[in-house]
Amino acid sequence: MSADNPYTRAPPVPKSLGTKDPLFGFLPRKVTGKQVLAAMESDINPFNKRPHSPQYKKILEARKKLPVFGQMDEFLKMFTENQIIVMVGETGSGKTTQIPQFVCYSDLPHTKGQLVACTQPRRVAAMSVAKRVADEMDVSLGKEVGYSIRFEDMTEPGTTFLKYMTDGMLLREAMNDPDLKRYSTIILDEAHERTLATDILMGLLKDLAKRRSDLKIVVMSATLDAQKFQRYFSIAGPSQPAPLFKVPGRTHPVEVFYTQEPEPDYVEAAIRTVLMIHRAEGPGDILLFLTGEEEIEDACRKIKLEADDLVNQDPDSVGPLICIPLYSSLPPQQQQRIFDPPPPPRTPDGPPGRKVVISTNIAETSLTIDGIVYVVDPGFSKQKVYNPRIRVESLLVSPISKASAQQRAGRAGRTRPGKCFRLYTEKDFMTELEEQTHPEILRSNLANTVLELAKLGVKDLVHFDYVDAPAPETLMRALELLNYLAALDDDGALTPLGAIMADFPLDPQMAKMLIVSPEFNCSNEILTIVAMLSVPNVWLRPPNQRKEADLAKAHLTVPDGDHLTLMNVYNSYMNNKHDRQWCWNNYLSQRALQQAENVRSQLQRTMERYEIELVTTQDERKMWQNIRKALVCGFFMQVAHKEGEKNNYLTVKDNQVVSLHPSCGLDSSPEWVVFNEFVLTTKPYIRTVTEVRPEWLLEYAPNYFDLSTFPDGETKRALQRVLKKRALKVDGGASNGRNSPASDLPAKKRKKTAPS
DNA sequence: GAGCACTGC
């Protein structure tokens with residue numbers, strides 16, 4: 001910010017070095033590899049004109065050995081001649097660190113007050129790559145090179161010209177600046193992972209490229225998807241696919257083995273294979289892929305037992321073995337164990353020890369473990385699937401794709417030649433596995449995405465140029481929900497309320513509930529509840545302390561409803577911050593609560609921007625009633641009605657039979673409830689549940705609770721009885737003339753002009 | 001009487 005203030009500036013540097021300037025003679029976007037190489041080898045940093053540090057040259061020498069470095073001139077030529085490039089760089093090619101730097105030398109964004117952006121699907125990647133590149137360019141992180149992720153903007157406006165960021169972050173920026181004018185070039189990295197955000201960005205950028213001829217785009221992906229992207233980005237005409245720039249990787253060969261026959265029990269087969277490798281194969285660590293926490297912990301125990309047996313039977317030829325579980329909900333400290341060295345031999349010249357990491361898909365992309373030589377791949381993972389008919393996302397153990405299997409095998413060849421044992425037949429691999437994992441956009445509830453697209457100015461959501469178009473029914477479901485929430489009008493256009501909702505990083509139901517909550521004098525409470533609903537489960541339940549954990553939970557439970565319990569947990573956490581042991585003593589996840597605190601303050605800032613007041617109700621009973629009313633305004637489509645005597649519920653309109661989830665803290669089973677989630681595990685459950693009154697449903701969501709649209713049944717009859725009773729009351733003089741907040745803007749906002 | 005594949009805003 002203060003770059004022009006001579007008093008706060010870093011050591012003075014000559015404004016112009018004339019012909020000594022390493023960038024002397026550089027014409028933007030007409031730069032050659034020879035020129036860049038000379039500039040890189042200069043004693044002066046071309047971008048801040050300061051002398052290079054001693055380690056700069058050392059790092060440069062290492063960079064020169066990367067496969068991509070040898071093709072710099074070729075890349076720059078293609079960059080000069082094309083607006084959009086598809087680039088394929090296999091593992092170890094150095095594309096993520098080098099290509100953005102090459103682009104900077106050609107674009108010279110710092111001379112135009114612009115930036116080069118490089119997106120990543122994951123926060124850690126954005127941070128760590130930015131750090132690495134800042135070192136390579138000999139600048140400090142957050143100055144010329146920075147990163148931007150949720151909760152952390154490590155950039156300096158006016159100084160930063162190369163920015164690594166999460167794909168979701170760039171999408172957010174596009175909502176406020178659809179032309180992304182600050183960027184001279186946008187690089188989408190890991191495009192083959194097909195995250196929702198990257199898919200939407202590809203659609204936006206393809207369109208934007210037509211409007212902004214000065215914008216260049218580089219899409220980086222794995223080999224298998226390149227053609228698809230080349231065809232998608234053929235903006236010069238259907239017969240002219242986007243040019244492909246290809247760089248070989250630098251990995252070691254991996255030998256792949258298949259089973260002769262299909263394995264009926266993949267966990268058992270996996271354990272057997274791990275022990276076989278341990279007995280018969282040379283030194284090197286093992287990575288085994290399983291599908292979830294329970295399966296992993298179970299396999300760890302079994303392998304440990306069997307390996308101990310082997311060692312006892314044959315201590316002269318079998319070395320010690322340690323098993324390390326790995327999944328995302330493990331605390332970071334335990335995740336670090338994957339980097340522990342394998343155990344030493346039991347005697348100085350005994351057989352070497354071995355490490356086995358048993359992991360979910362997290363080790364397929366997010367985490368790399370050095371020293372892995374053997375991979376055991378049963379061929380399954382848990383995948384999200386969305387059923388638009390019943391509006392439910394669930395996790396299903398499904399066969400992986402060929403691309404995924406290839407990625408898993410590659411994990412064995414990072415340090416030296418390795419082996420991959422696939423626990424399925426080669427025939428099944430060839431004929432049964434899909435080429436690619438279905439992109440997320442085909443497997444998700446799109447309510448959020450559709451609202452984002454509307455805010456991005458996309459008028460026709462159905463005919464938007466998707467790389468892969470979602471099922472029409474999924475889009476219809478999303479449009480229907482947003483229309484009921486009054487975020488979209490009957491023509492599908494964004495309403496002023498919808499524009500505000502889109503600015504909150506929340507599901508539309510929660511955004512709606514938060515925005516209307518001042519009308520019920522409980523925005524302070526709803527803000528807390530929404531933050532708690534946005535973070536992972538806060539309750540810990542270690543397998544050997546279940547009773548203690550359940551007891552601790554019972555102490556914090558508010559019997560009137562799970563939403564109130566969440567609020568109580570958050571408030572207790574804040575009141576006990578002085579006690580470092582408090583979370584641990586109450587079997588609560590410190591990490592999740594800390595995250596809730598972050599989310600809450602981020603949401604509060606967005607509320608302030610729109611002047612949505614933070615208010616509270618003093619009377620506790622009234623407050624609780626108000627909270628439940630606000631819940632109805634967001635979640636009126638997630639209501640269930642009790643049927644019969646047992647804990648059986650029927651969801652309203654959809655008529656799905658559901659049960660209260662065992663984690664539910666209600667001390668009774670009320671007739672009407674709103675729920676936060678419908679989960680399909682061993683059977684259909686509703687989770688995070690609170691009692692509501694049927695009158696509120698009719699009052700705050702009259703469009704949805706238009707009984708003429710209801711299927712016949714007990715739910716409809718119950719609501720008809722409520723209507724009748726209400727009609728009698730109104731005749732008695734207690735008229736209710738208030739506007740329904742479920743279809744209107746918050747009171748405060750009505751007086752102001754809607755923000756653009 | 002069950003769970004939380006993995007990300008992201």
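Letters A, B, ... mirror the listed sequences (proteins, then strands); counts begin at 1.
With rounding to whole Å, A/Lys455 atom NZ is found 14 Å from B/dC9 atom C1'. One atom, CG of A/Leu326, and another, P of B/dA5, lie 13 Å apart when rounded to the nearest Å. The separation between A/Met165 atom CE and B/dT7 atom P is 20 Å, rounded to whole Å. Here the P atom of nucleotide B/dA5 and the CZ atom of A/Arg194 are 25 Å apart, to the nearest Å. Across the protein-nucleic acid pair, A/Lys547 atom NZ and B/dG1 atom P stand 16 Å apart, rounded to whole Å. In this entry the distance linking CG of A/Asn361 with P of B/dA5 reads 11 Å, nearest Å. Rounded to whole Å, atom C1' of B/dC9 lies 12 Å from atom CD of A/Gln595. Rounded to whole angstrom, the span from the CG atom of A/Asn537 across to the P atom of B/dA2 amounts to 16 Å.
Contacts of A/Thr360 with the nucleic acid, taken as non-hydrogen atoms under 4.0 Å apart, involve only primed sugar atoms and P, OP1 or OP2. Residue A/Gln383 is out of contact with every strand shown, counting any heavy-atom pair closer than 4.0 Å. As judged by a 4.0 angstrom heavy-atom cut-off over every strand, A/Leu395 is placed among the base-contacting residues. Counting any heavy atom pair closer than 4.0 Å across all strands shown, A/Leu171 reaches no nucleic acid atom. Backbone-only contact: A/Arg122 has heavy atoms under 4.0 Å from sugar-phosphate atoms and none from a base.
Residue whose closest nucleotide on DNA chain B sits further toward the 5' end, between A/Thr682 and A/Gln120: A/Thr682. When each of A/Ser366 and A/Phe504 is assigned the nucleotide of DNA chain B with its nearest heavy atom, A/Ser366 is the one assigned upstream, toward the 5' end.
In this model, the phosphate group of B/dG1 is not approached by any side-chain N or O of A/Arg546 to a distance below 4.0 Å at OP1 or OP2. Between A/Ser328 and B/dC6 there is a side-chain N or O to OP1 or OP2 distance below 4.0 Å. The shortest distance between the side-chain N/O atoms of A/Tyr327 and the OP1/OP2 oxygens of B/dA5 is not below 4.0 Å. An OP1 or OP2 oxygen of B/dC9 is reached within less than 4.0 angstrom by a side-chain nitrogen or oxygen of A/Thr166. For B/dC9, the OP1/OP2 oxygens have no side-chain nitrogen or oxygen of A/Arg605 closer than 4.0 Å.
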For residues 657-667 of chain A, run the donor-acceptor check on the side chains, cut-off 3.5 Å, and write out each pair with its distance to 0.1 Å, sequence neighbours left out.
from	atom 1	to	atom 2	distance (Å)
A/His661	ND1	A/Ser663	N	3.1
A/His661	ND1	A/Ser663	OG	2.8

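Taking every side-chain heavy atom of A/Tyr685 into account, B/dG1 is the closest of B/dC4, B/dC9, B/dG1. For A/Lys382, whose side chain is taken as the heavy atoms from C-beta onward, the closest listed nucleotide among B/dA5, B/dC6, B/dA2 is B/dA5. For A/Arg541, the listed nucleotide lying nearest its side chain is B/dA2; candidates were B/dA5, B/dC6, B/dA2. Which of B/dT7, B/dA2, B/dG8 sits closest to the side chain of A/Pro662 comes down to B/dA2. Each of B/dA2, B/dC9, B/dT7 was ranked by its minimum atom distance to the side chain of A/Asp550; first place goes to B/dA2. Closest to the side chain of A/Arg443, from the set B/dA5, B/dA2, B/dC9, is B/dA5.
Listed by first and then second residue, the salt bridge (charged side-chain N to carboxylate O under 4.0 Å, His left out) pairs that reach into residues 674-686 of chain A are A/Glu677-A/Arg687, sequence neighbours excluded.
Judged purely by atom type and a 3.5 angstrom limit, A/Arg541 has no side-chain atom pairing as donor or acceptor with the backbone of A/Ala549.
Ring geometry for A/Tyr587 against A/Trp584 counts as parallel: the plane angle stays under 30°, on a 0 to 90° scale with 60° as the upper cut.
With salt bridges taken as basic N to acidic carboxylate O contacts below 4.0 Å, one links A/Arg122 and A/Glu193.
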| request: Could you walk me through whether A/Tyr610 and A/Asp503 pass side chain to side chain donor-acceptor pair (under 3.5 Å), step by step? | output: CA-CA 10 Å; A/Tyr610 286 106; A/Asp503 247 7; 2.6 Å; yes
